[in-house]
Every structure is written in C-alpha cells, then in structure tokens.
Engineer: 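Pasting a structure here, questions to come.
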Amino acid sequence: MTEQELLQMRDLAEAGQVQFKERATDRYDIGCEMVAFSNTRGGRLVIGINDKSGAINALSYKELQETTNLLTSIASENVIPNVLIDVDNVPTAGGAVVVATIPEGKNKPYHDNKGIIWVKNGADKRKVFDNSELAEMMSECGSFAPDEAAVPNATIDDLDSDTIKIYLISRFAPVFKGKNIDELNMKDYSLDAMAEFVIKGTTIEKLLRNLRFIRPDGKMTVAAMLLFGKYTQRWLPVMTAKCISYIGNSVGGTQFRDKMHDMEIEGNLLHQFRTIMNFFTRNLRKVQVEKDFNSIGELEIPYESLIEYVVNALVHRSLNIKAPIRIFIFDNRVEIHSPGGLPNGLTVEDIKNGTSMPRNMFLFTNANYLLPYTGAGSGVRRALEYAPDVIFSNGIADKEITHFANEFLITIPRKIAQSEEKNNQEVPRSNQESNQETSQSNQEQLNLVTRKLTKKEEDIRNFCSVPRTAQEIMDRLGVSNQSKNRQKYITSLIEIGVLERTIPENPKDRNQKYRRKK
C-alpha cells in the first residue's frame, strides 16, 4: 500500500471494513476488533491514525517493530480460533503507519479470550447472543448445514406422497418416461412401487435414505420436510409466507384488498409457490399488450420475473432466522422480503451478473425437481430482462435496515398505478359520467381476472403445466367432453388468463392443446 492509498482510505473515514487506532495500547480491545472483522467480512486495522480527527501520527522505527509483533501475537492468542493476518508498513512523513489486514474467517464464530463473540456493526462492533445469528455464521463457513438438520419426531408418514411422486418423476425422468408414468397416472402406483422402478428391490424409505432426505440416525431432514411435508408448519412454524395487498403505499396501513390467511399458505414449498403465485395473479392488474381489443391481457409485472423472485425467496432464504417470507403489494410497488442477507459475501452486483452461491445447498440441488428454476445463476438476469427497474436491497449493507432486521428485499415498481393516477388527473369533468361507466365495466372485468380459483380450476392449472388436450382435461375431472364442460373448465380459464391455446390462431384445430399461461 502506498501513502496515497492510505490517505484515500483515511479520507473515507471509518467504514465497516476499516478501523483506525492512533496506537495499539489496549491488547484486549485490538483482539475484539480482530474477532469482529473475522466474524463479518474481514477488514483493515490501521495503527497510526487518530480515529477522531483522522490526523496521521506516524510510528517510530521502534514502535513499528513493537506494534507488528504485538498484532501478530494478538491474532494468535486473543482470537479463538486464531487467525492469520497480513501486516504492512506504509511509509509516511516522519515515520510509518501499520496496516493489518484481517481476512474473513473460515471457522466462524470467533470469540475473544473471554469467550465473547463480536461482529462489526458499521464503524463499531457489537456482541452476539442470538443462536440464529451464530448458526448463520456457521452455515456461511460450511460447518453447519441447516437444511440437513434433523426434524425431531417427524416420520415418513408426515410426508406427502403425491409431492414425492412428482419429485421422483422429475428427478428420474428417463426411468418413468420409459414406463409411461407421469403426473396423470402416478396415483395408480404406490411409493414403494415407484421406488422399485428407480432401484430394484428398494422401498421408498430406503430410497429417501439414499437420497439423504432421511439421516443415518433415522430422523427426517429439514429439506425433506420443506419439500415433501404434509403439514410443514407443524414442524417448522416460521417456514411460511405472509402475503398482504394494501390499500395505499404504507406497510402501516390498516386497509387491505387481500390478506392471505395463514392456513392458505401452510404446506410444503411447492404448495407455497403455487399459493403465492395465485396471490399475485388475483391482486395484480392485467394490461392489454396487443392491439386486438379481445386479446388476453398480461400481468402488469411480468409473470416470469415473479416466478424467479418467489423461487429465490423460498429456496435461498435463511433457515436459521426465525421469520417468515413477507410479500406486500402496495398501490405503487411490490415488495418481497426474504429472511437473511446475501450469503457468502455476495453483493447485489454479483447476483445481477449471474453469480450463484446457494445458501442451502442440499435444498437448492433438490428443489429444482419441483420448482421452476435451472440453478445456473441465470434466473435473476432473466427476470431483469423482463422488468429491469427492480431494486435490490441487501439487509446487512442497506443503511436503512439494521443488522437485527437482516433480510434481502426486492422492490418492484408498479408503473401502471402511476400511469392511471396521471390519466385520472387529466380527465375533463365533462367526461366523468362516461368514465364512471367505463370504470364500472373495467372493475367487473378486474374482479373476473383477479378472482380466486376454485380447487378444480387450480387442479386444471397445475395439470396443464404441460400441454393437455380437452379430452385429457375432461378425463382428469371425470366429466364428459361436452361443449358446456369445455366452456366451464377450459374457455373460462382462457378468458381470465390462466390457460392458453397451443394453436391460438385456430381455436378449433384438431391438434389443439391447452397449457398453463406463464
């Protein structure tokens, strides 16, 4: 480091990764600073600059020798487990300044020689007492995997057989495709029979053990309960989501357009994903994107972007922080709050550039057989192509969010709301009566678009994740393939944007199929 670089660092004053000391006089305090840096993102300890005034008070040759030896000694004796630091002497007028670089630790949590754990908190440091924060530190350095932890007292009977079957069909696709087994006829086979197709002579319990969903001690893992649980929240109460659509733009508002009941969201990650996406489709507006008046509208926020952000929140949330995912729809924006800041030193720019460093590796590598993502790090980049004006806020770095409220926040503007407000202000009084009639008509259509789907409609929507013929849909429902049933169960879902035709230019084509509209 040069003197010029040192001056630039000084002029930025103390930040989260730089600490100034005029002299290294307090061995214990220096050790606490090293512990805090090691437990956070690393940093630099500068000896020879006054932390109040920023004035350089260079060290003499003798002081340089003593300070260098002292810092090395503190790093090995006052930081437990000990850390390796890099000490550099930077020449200045009248002497030199010592710069000690402390790397982020790989064996967190570190503590001082009194057993106290410290982390950086802006320019200062603070003690850590919360077990979830300690677990998060251990997760980051790989000494603890929360998704592979045990769920006490849970058994294989607490897992949902249909979800396990969907997972197996997706993960071992060549096996089941060769036997003509899919989601349509999987109910004809038991879990043990499907496990037998994967590995001859095995049972579903043995297969889940082989796949590491059941631990060697026989206990269910957190990942198994999140992916396959019947009543996941019975065992993991906070692994859920809170979804609220507000009237207005304040989280403190008391008027709601839609507030999802806790019981609606309870279930495994596949159920949570589908329920959250339904919440979006019934609360966000649909807009015309084609000139044809009768063309089906699209969500004001691209559906593809919402999929990526919801999946990221479900799969990459911190499992150590005891808080739910929170999804808020305001008049001017949508917010998705995910517990835990970005893991492993990732920055917002990193994820925008496609860098993928999963927090919950075991959950991450298995959830893609149930949820729509590739795991290649392209999801956020693809979502930004659809909606580039999204704002990401990392809880640790964001000055408006304290470390205790550690979360990753995605804010998506609702431009349509701003546009409508502007248009409403420009409406002449002479047109008010006509506009009221139009507004009433639009409201009726809005209610149609955003209404909650029935269980049968939800089943059709999920069934059509792959293109289906009308006959297949009618067979699924157990009704005859008549025009009135097609109108009730297919055409009505097309009209509200849930399904789409594979051959839209010729609705009566004999090869026509219907698929879930993304």
Engineer: Should the ring pair Phe408 and Phe392 be called parallel, tilted or perpendicular, given that the plane angle runs from 0 to 90° and is split at 30 and 60?
Structural biologist: parallel
Engineer: Less than 4.5 Å apart, side chain to side chain, heavy atoms only: is that true for Leu370 and Phe273?
Structural biologist: no
Engineer: Heavy atoms, side chains only, cut-off 4.5 Å: are Arg274 and Asn462 in contact?
Structural biologist: yes
Engineer: For Ser38 and Val83, work out which heavy atoms get closest and say how close.
Structural biologist: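 Taking Ser38 first and Val83 second, the nearest heavy atoms are OG-CG1, 3.5 Å.
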Engineer: Check the pair Asp158 / Lys230 against side-chain contact (heavy atoms from CB on, under 4.5 Å), numbers first and verdict last.
Structural biologist: CA-CA 6 Å; Asp158 296 305; Lys230 290 179 185 176; 5.8 Å; no
Engineer: Hey, what do you get for CG (Asn113) to CD1 (Ile116), rounding to the nearest 0.5 Å?
Structural biologist: 9.0 Å
Engineer: Nearest 0.5 Å please: distance from the CD atom of Glu349 over to the CG atom of Asn394.
Structural biologist: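 Nearest 0.5 Å value for the CD-CG distance: 12.0 Å.
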Engineer: For Asn320 and Pro146, which heavy atoms make the closest approach, and how far apart are they?
Structural biologist: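 Looks like OD1-CB, 3.5 Å.
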Engineer: Short question: side chain of Arg414, backbone of Phe330 - any donor-acceptor pair under 3.5 Å?
Structural biologist: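 Yes, Arg414 side chain to Phe330 backbone: donor-acceptor pair under 3.5 Å.
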Engineer: Going through the distances and angles, do Lys120 and Gln17 end up as a side chain to side chain donor-acceptor pair (under 3.5 Å)?
Structural biologist: CA-CA 8 Å; Lys120 292 299 292 182; Gln17 292 184 297; over 6 Å; no
Engineer: Is it true that Glu148 and Arg215 have a side-chain N and a carboxylate O under 4.0 angstrom from each other?
Structural biologist: no
Engineer: Please determine if Glu33 and Lys125 form a salt bridge, counting it only when a charged side-chain N lies under 4.0 Å from a carboxylate O.
Structural biologist: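 Here Glu33 pairs with Lys125 in a salt bridge, since their nearest N and O are under 4.0 Å apart.
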Engineer: What is the minimum heavy-atom distance between Gly31 and Asn78, and which atoms define it?
Structural biologist: CA-CB, 4.3 Å
Engineer: Salt bridge or not between Arg257 and Asp331? Use side-chain N to carboxylate O under 4.0 Å.
Structural biologist: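 So Arg257 pairs with Asp331 through a salt bridge.
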Engineer: In the structure I gave you, are the side-chain heavy atoms of Lys286 and Glu300 within less than 4.5 Å of one another anywhere?
Structural biologist: no
Engineer: Would you tell me whether Thr67 and Arg23 have side-chain atoms, one donor and one acceptor, within less than 3.5 Å of each other?
Structural biologist: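 Side chains of Thr67 and Arg23: no pair found under 3.5 Å.
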Engineer: Can you tell which of Asn268, Asp262, Val238, Thr240 makes a side chain to side chain contact (heavy atoms under 4.5 Å, CB included) with Gln233?
Structural biologist: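 Considering Asn268, Asp262, Val238, Thr240, a side chain to side chain contact (heavy atoms under 4.5 Å, CB included) with Gln233 is found only for Thr240.
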Engineer: For residues Leu159 and Met225, determine if any side-chain heavy atom of one lies less than 4.5 Å from a side-chain heavy atom of the other.
Structural biologist: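 Result yes, sub-4.5 Å side-chain heavy-atom pair found.
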Engineer: Just by distance, with hydrogens left out, do Arg317 and Asn312 show a side-chain donor and acceptor under 3.5 Å apart?
Structural biologist: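 There is no such pair between these side chains.
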Engineer: Hey, are Lys21 and Asp51 close enough for a salt bridge, meaning a charged N less than 4.0 Å from a carboxylate O?
Structural biologist: no
Engineer: Check the angle between the aromatic planes of Tyr167 and Phe228 and answer parallel, tilted or perpendicular using the 30° and 60° thresholds.
Structural biologist: perpendicular
Engineer: State plainly whether the residues Arg382 and Glu304 are in salt-bridge range, i.e. N to O under 4.0 Å.
Structural biologist: no
Engineer: Could you state the interatomic distance from CG (Asn131) to CE (Met138), rounded to the nearest 0.5 Å?
Structural biologist: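 Asn131 atom CG to Met138 atom CE measures 10.5 Å (nearest 0.5 Å).
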Engineer: Within this structure, what is the CG-CD distance for the pair Asn406 and Glu136, rounded to the nearest 0.5 Å?
Structural biologist: 7.0 Å
Engineer: Of all heavy-atom pairs between Leu59 and Ile47, which one has the smallest distance, and what is that distance?
Structural biologist: CD1-O, 3.6 Å
Engineer: Apply side-chain contact (heavy atoms from CB on, under 4.5 Å) to the pair Arg126 and Val128, showing each step before the final yes or no.
Structural biologist: CA-CA 7 Å; Arg126 63 176 176 84; Val128 176; 4.0 Å; yes
Engineer: Spell out, as yes or no, whether a donor-acceptor pair under 3.5 Å connects the side chain of Ser170 to the backbone of Tyr369.
Structural biologist: yes
Engineer: Tell me whether Glu308 contacts the main-chain N or O of Ser305 through its side chain, where contact means a donor paired with an acceptor under 3.5 Å.
Structural biologist: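 Not a single qualifying donor-acceptor pair exists.
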Engineer: Taking C-beta and beyond as the side chain, do Ile412 and Leu306 meet within less than 4.5 Å on heavy atoms?
Structural biologist: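 Answer yes - side chains close enough.
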Engineer: Considering only heavy atoms from C-beta outward, does the side chain of Asp258 approach that of Arg282 to under 4.5 Å?
Structural biologist: yes
Engineer: So, are Arg326 and Glu407 salt-bridged, with charged N and O less than 4.0 Å apart?
Structural biologist: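 Answer for the salt bridge query: yes.
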Engineer: Is the positively charged end of Arg234 above the ring of Tyr231, judged by distance under 6.0 angstrom from the centroid and angle within 45° of the axis?
Structural biologist: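 Here Arg234 fails the 6.0 Å and 45° test against Tyr231.
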Engineer: How about Glu133 and Ile117: do any of their side-chain heavy atoms sit closer than 4.5 Å?
Structural biologist: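 Counting from C-beta outward, Glu133 and Ile117 never come under 4.5 Å.
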Engineer: Can any side-chain N or O of His316 pair as donor or acceptor with the backbone N or O of Ser338 at less than 3.5 Å?
Structural biologist: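 A pair under 3.5 Å: no.
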Engineer: Could you grab the distance from atom CD1 of Ile247 to atom CD of Gln255, nearest 0.5 Å is fine?
Structural biologist: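 Nearest 0.5 Å value for the CD1-CD distance: 5.0 Å.
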Engineer: Is a donor on one side and an acceptor on the other found under 3.5 Å between the side chain of Ser76 and the backbone of Ser73?
Structural biologist: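 Side chain of Ser76 to backbone of Ser73: a pair is present.
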Engineer: Can you check side-chain contact (heavy atoms from CB on, under 4.5 Å) on Leu227 and Thr163, steps first, answer last?
Structural biologist: CA-CA 8 Å; Leu227 292 175; Thr163 309; 6.0 Å; no
Engineer: Decide side chain to side chain donor-acceptor pair (under 3.5 Å) for Asp112 and Trp118; before the verdict, give the C-alpha distance in whole Å, the side-chain angles of both, and the deciding distance to 0.1 Å.
Structural biologist: CA-CA 8 Å; Asp112 61 30; Trp118 300 86; 2.8 Å; yes
Engineer: For the OG1 atom of Thr232 and the CG atom of Asp160, what is their distance to the nearest 0.5 Å?
Structural biologist: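 Thr232 OG1 to Asp160 CG: 9.0 Å, rounded to 0.5 Å.
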Engineer: Taking the side chain from Asn249 and the backbone from Asn332, do they hold a donor-acceptor pair closer than 3.5 Å?
Structural biologist: yes
Engineer: Would you check if Lys114 and Tyr28 make a side-chain contact, meaning some heavy-atom pair closer than 4.5 Å?
Structural biologist: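 Side chain of Lys114 against side chain of Tyr28, heavy atoms only: contact under 4.5 Å found.
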Engineer: I need the minimum non-hydrogen distance between Gly267 and Gln272, along with the two atoms involved.
Structural biologist: O-NE2, 3.0 Å
Engineer: Quick one: closest heavy-atom pair of Val97 and Gly48, and the distance?
Structural biologist: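 Here Val97 and Gly48 meet closest at CG2-O, 4.1 Å.
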Engineer: Judged by atom type as modelled, is there a donor-acceptor pair below 3.5 Å linking the side chain of Asp88 to the main-chain atoms of Val99?
Structural biologist: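 Answer holds: no.
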Engineer: Is Arg359 salt-bridged to Asp147, going by a charged N under 4.0 Å from an acidic O?
Structural biologist: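 No, no charged N to carboxylate O under 4.0 Å.
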Engineer: What verdict does the side chain to side chain donor-acceptor pair (under 3.5 Å) test give for Thr72 and Asn69, after you've listed the backbone C-alpha separation in whole Å, the side-chain angles of each residue and the deciding distance to 0.1 Å?
Structural biologist: CA-CA 5 Å; Thr72 304; Asn69 293 334; 5.7 Å; no
Engineer: Do Tyr110 and Phe37 have their ring centres less than 6.0 Å from each other?
Structural biologist: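 Between Phe37 and Tyr110, which both carry aromatic rings, the centre distance is not below 6.0 Å.
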Engineer: Set out, in order, the CA-CA distance, both residues' side-chain angles and the distance that settles side chain to side chain donor-acceptor pair (under 3.5 Å) for Glu458 and Asn278, then state yes or no.
Structural biologist: CA-CA 9 Å; Glu458 172 68 17; Asn278 284 342; 2.7 Å; yes
Engineer: Does a sphere of radius 6.0 Å around CZ in Arg461 hold more than 12 heavy atoms from other residues, nucleotides or ligands, not counting ones at 6.0 Å or beyond?
Structural biologist: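 It does: Arg461 CZ has more than 12 such atoms within range.
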